Amino acid sequence: MRVLAFESSCDETAVAVVASATDGGSRPVIVANVIHSQVNTHALFGGVVPEVASREHLVRIAPLVREALSTAGMTLDDINAVAATRGPGLIGALLVGVQFAKGIAMARGLPFLGMHHLEGHLAAALLSDHPPPYPHLALLVSGGHTVMYKVQSFGEYSVLGGTRDDAAGEAFDKIAKVLGLGYPGGVQIQRCAEGGDAQAIAMPRGIPQKSLAEFSFSGLKTHAAEYIRRQVQPLEGQHLADFCASVQHAIGDILTKKAVYHAHAQGLEGVVLAGGVAANTHLRDLLEQRCAARGLWSFVPERALCTDNAAMIGAAAWMRMRRGESSGFGVPAVSRWPLQNAGDGFVAKGPVGTTV
Ligand code: KG4
Ligand code: ZN
């Protein structure tokens, strides 16, 4: 079973080929995974401009399909299904990937799968040689979402709690913008935090009570922005490193404390970290330490599979294909879509073989 997968929900145009592992088809593996990041385009504006993103997807998508197929050593004749992120995300950006994928599927007589972006982020873990077991707690931290889910099995998600205001990635991005560090902010803050003292500058923790499964990052964002504006000289050198390390730790501290507490409270044995912010080294280390200290396992996908990519969408689509599910061509692109309803739009035709 080989899936051609598209991701175009925000500012990455990405195409992948995901296939069944050669061990009898028990799991999905990456055959090709290519991406064009629009970071340089949007950096000029200090953030993603939706209209510009859509136009760039349109220009990049066809050459990326050629590149993915040539990397895989395949043609469209070798593909069994076509999948694309259909939400949540920027609607104009989503439309490019969805419509392109539907076009290929229709022309080739293949099934189409309209995928949930966050289900893709969680499915990145399934691309590992040793994927994490179910059930577990998933901490999903990206530019648009910060949510803890109880994941019973693939496709069965319940929300334990999420952010009341900004997403963690949004806090990184906005603080980096005030610092003049550019976009995307998480990467820049991580870079500037090297050699910094995470305890040097006190940063507030929104909703600090561990037992409350919700997060708030707007207070941290405002506090950090005011701190920067109070400085007579622009932050630089060790002061900048200490500031960035303190911000990074404040975000990682509250995320990991709550994830560990609620995994334990729910009787879950481990935590999967996912989403673009999961690429953050400090957060990855902190989660591993705190889970280990509490007797929990932790799992974080490799960095390139944490930020937006099409392999994760292919992995999620592969899982649904294996259950005999596909979407049909009538499903729309949607800007909002709760993960609990990730199965919306799919019809099951019964399990299909994994080694077509
Ligand atoms: O999942 P993603 O690629 O796109 C969305 O679905 O939102 O996440 C993007 C977010 C941005 O806010 C970016 O600043 C953050 O992930 N990010 C990081 C790092 N790399 C990306 N945040 C902290 N540290 C990083 N190394
Ligand atoms: Zn994402």
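These figures come from a predicted structure and were not determined experimentally. Order of listing sets the numbers, starting from 1, for every ligand and every atom in it.
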R164 to F215 six-membered ring, cation-pi geometry met (6.0 Å, 45°):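 Here R164 fails the 6.0 Å and 45° test against F215.
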
Axial cation check for Y157 ring with K150, 6.0 Å and 45° limits: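 No; the conditions do not both hold, so K150 does not lie above the ring face of Y157.
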
Contact check, C10 vs ligand 1, heavy-atom distance below 4.0 Å: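 No; C10 lies far enough from ligand 1 that no heavy-atom distance drops under 4.0 Å.
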
Contact with ligand 1 for E12, non-hydrogen, under 4.0 angstrom: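 Under 4.0 Å: no for E12.
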
Distance-only polar pair, side chains of Q289 and D285, donor-acceptor under 3.5 Å: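 No, no side-chain donor-acceptor contact under 3.5 Å.
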
With atoms numbered from 1 as shown, which atoms in ligand 1 lie under 4.0 angstrom from a non-hydrogen atom of [X]?
X: H121; answer: 1 (O), 6 (O)
X: G144; answer: 7 (O)
X: G169; answer: 12 (O)
X: G185; answer: 14 (O)
X: T307; answer: 3 (O), 21 (C)
X: F172; answer: 22 (N), 23 (C)

May I ask you to identify the nearest protein heavy atom to [atom], giving residue, atom name and distance to one decimal place in Å?
atom: atom 15 (C) of ligand 1; value: V277 CG2, 3.9 Å
atom: atom 3 (O) of ligand 1; value: D308 N, 3.0 Å
atom: atom 10 (C) of ligand 1; value: G143 N, 3.5 Å
atom: atom 17 (N) of ligand 1; value: G276 O, 3.6 Å
atom: atom 26 (N) of ligand 1; value: Q190 OE1, 3.1 Å
atom: atom 22 (N) of ligand 1; value: G186 CA, 3.2 Å

Counting only heavy atoms, which portion of [X] has something under 4.0 Å from ligand 1: side chain, backbone, both, or neither?
X: D173; result: side chain
X: H117; result: side chain
X: Q248; result: neither

N/O/S from H117 sitting under 2.8 Å away from the Zn ion (ligand 2):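 Of the N, O and S atoms in H117, at least one lies under 2.8 Å from the Zn ion (ligand 2), which means yes.
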
The Zn ion (ligand 2) reached by H121 (N, O or S, under 2.8 Å):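 Yes, H121 qualifies, because one of its backbone or side-chain N, O or S atoms lies under 2.8 Å.
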
Do [X] and [Y] have side-chain heavy atoms sitting under 4.5 Å apart?
X: L339; Y: V147; result: no
X: S142; Y: H145; result: yes
X: V3; Y: I79; result: no
X: E325; Y: V347; result: no
X: N309; Y: E7; result: no
X: W318; Y: S20; result: yes

Which atom of W337 lies closest to which atom of G114, heavy atoms considered: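 So the minimum-distance heavy-atom pair works out to CH2-O, 3.8 Å.
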
OG-CG distance between S9 and D308, expressed to the nearest 0.5 angstrom: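 With rounding to 0.5 Å, OG (S9) is 5.0 Å from CG (D308).
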
H57 side, atom NE2; L95 side, atom CG - distance, nearest 0.5 Å: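 The NE2 atom of H57 sits 10.5 Å away from the CG atom of L95.
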
Of all N/O/S atoms in D308, the name of the one nearest the Zn ion (ligand 2):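 This residue's closest N, O or S atom turns out to be OD1.
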
N280 N/O under 3.5 Å from ligand 1 N/O: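 N280 vs ligand 1: N/O contact under 3.5 Å present.
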
Aromatic ring proximity, centroids under 6.0 angstrom, Y227 and F243: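 Yes: the rings meet the under 6.0 Å criterion.
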
